[in-house]
There are 2 protein chains.
Amino acid sequence: MMMEAATTGVPEVPRKPGRPRGFDRDIALHAALLVFWKHGFDGTSYADLTAATGMSKPTLYATFGDKVNLFREAVVAYSALTSQAYENALSRPTAREAVEACLRLARGLNPEPGEPIVCFLVQGALTGSADTQELRSELTALRQQATEQLRARLKRAQREGDLPKTVDAAVLAEYFASLATGLSVQAAGGATPAHLNQIVEMVMAQWPSER
Amino acid sequence: MMMEAATTGVPEVPRKPGRPRGFDRDIALHAALLVFWKHGFDGTSYADLTAATGMSKPTLYATFGDKVNLFREAVVAYSALTSQAYENALSRPTAREAVEACLRLARGLNPEPGEPIVCFLVQGALTGSADTQELRSELTALRQQATEQLRARLKRAQREGDLPKTVDAAVLAEYFASLATGLSVQAAGGATPAHLNQIVEMVMAQWPSER
DNA sequence: CACGAGTTTTACCGATCGGTAGGAAAATGC
DNA sequence: GCATTTTCCTACCGATCGGTAAAACTCGTG
């Protein structure tokens, strides 16, 4: 672990010869992530990336490889950020609590200044040039994975008697995944956190019960 | 109205001097709409547009103006296509029927080959270069308008005793708009029409009633 | 102070971008 | 057959794109 020196950010570990690196790789990657998330792959130029990261084009290239590779690393970083919270939500004691916690992860409910509202795996995947089709389908695959995790959680709840066996877990998982996404998109379109929180409460009030 | 000649598509109206136009404006605009809808503004190049419309760059420019203007006309054409169906859905006799009809307009429930699944006003608006921010917010405004129309329909149902007055029409409208969008995005991510239709039935089974 | 190592910067690259001027083509009218 | 009109095409434009080679810079070491 590094400790910052007073004025130059030079790490205190013994220094190898050579010019010291002038950036933090993780901070730069996070800055690039925010740009790709907001603007998409095609809507992001190297001018945007250099402005956001403080790194020149050759330095970005030397550190992260080409633009596609940088985008892929940004997606991995995004998944690392969000999957911990998502798995925490899924691990709540009951299915109902797990689902509500997942819905409440939607950024429209608690907007974070400076960050886009709609999930990067959604808005980064929906449109793009023909060249980026394969890249964008990688994002879609990660979303499908998240829906599958939710489905598996609901199946476990059924085995544990925490959710009626009459419920189709796959359909319910698709329903809640749809809703989570839709709430974010509506938030991006101006829906208020108050309204979105009321929707979550309304939906949770209708939790499937035995009958 | 034009009748096609046998081999050249020449209209039968009296002809002015000059080279006959070699395209149909509405057909070309529809082709451009499909490209912008699938790829977004930044992901679409003039190479894509000329391939899709069969028109060269100078001809596109002479007919539709610059790329931004063509995109705007594509959005207008899209709205013309979809708003009739949407208003038909909203004009069903009961609020419940109206809402169900709106949800069933989501393309994921009945996919159309060759067309994107997610609403153009959603996926065309979510990401893009900084230059296109204003353009994309025009799409968002049209979506907000659609949600407002749904809210107004629900308010009317309350006045007519067709929906309990205890229900918050704005929240319910946001809920169904969220769900419609989310269903399309899940469909674009691989969710089956069967699952999505089951979600609509499940949701409609929980229609708010007096209590 | 010179050298070596690692990093950054400058200048440049070919390709593609959106857009346009002027010539060519295709029609009608005399 | 030629002039006029309207439309289309070719070739070109400046700007920006993603990417790179080589020089310059910044450090530590002897």
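So that the names make sense, note that chain A is the first sequence line, chain B the second, and so on, each numbered from 1.
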Could you tell me the separation between the [atom1] atom of [X] and the [atom2] atom of [N], rounded to a whole number of Å?
X	N	atom1	atom2	result
A:Tyr46	C:dA11	OH	P	21 Å
B:Phe64	C:dT20	CZ	P	16 Å
B:Asp42	D:dG18	CG	P	11 Å
A:Leu70	D:dG19	CG	C1'	13 Å
A:Asn69	D:dG18	CG	P	15 Å
B:Tyr61	D:dC8	OH	P	17 Å
B:Asp131	D:dA15	CG	P	16 Å
B:Leu49	C:dT16	CG	P	17 Å

Does [X] reach the side chain of [Y], with side-chain heavy atoms less than 4.5 Å apart?
X	Y	answer
A:Val167	A:Leu154	no
A:Val203	A:Tyr175	yes
A:Arg104	A:Met204	no
B:Glu73	B:Val76	no

task: Would you indicate which nucleotide in D:dG18, C:dG19, C:dT20 comes nearest to any side-chain atom of B:Pro58?
output: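 Shortest atom-to-atom distance from the side chain points to C:dT20.
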Counting any heavy atom closer than 4.0 Å, what does [X] reach on the DNA or RNA strands: base, sugar-phosphate only, or nothing?
X	result
B:Thr63	nothing
A:Ser56	base
A:Lys57	base

Residue mapping more 5' on DNA chain C - nearest nucleotide basis, B:Thr44 or A:Met55: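 Looking at DNA chain C, the more 5' nearest nucleotide goes with A:Met55.
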Could you go through residues 181-188 of chain A and list every donor-acceptor pair under 3.5 Å that involves a side-chain atom there, pairing it with any protein atom two or more places apart or in another chain?
residue	atom	partner	partner atom	Å
A:Thr181	OG1	A:Ala177	O	3.2
A:Ser184	OG	A:Ala180	O	3.4
A:Gln186	NE2	B:Thr147	OG1	3.4
A:Gln186	NE2	B:Glu174	OE1	2.8

Kindly list each side-chain donor-acceptor pair under 3.5 angstrom involving residues 118-129 of chain B, sequence neighbours excluded, with atom names and distances?
residue	atom	partner	partner atom	Å
B:Gln123	NE2	B:Trp37	O	2.7
B:Ser129	OG	B:Asp42	OD1	3.2

Once base and sugar-phosphate atoms are separated, protein heavy atoms under 4.0 Å mark nucleotides 1-7 of chain C, 5' to 3', with B, S and - as ---BBBB
Check: Taking B:Lys38 for the side chain and B:Gly114 for the main chain, is one N or O donor matched with an acceptor at less than 3.5 Å?
Finding: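 Answer holds: no.
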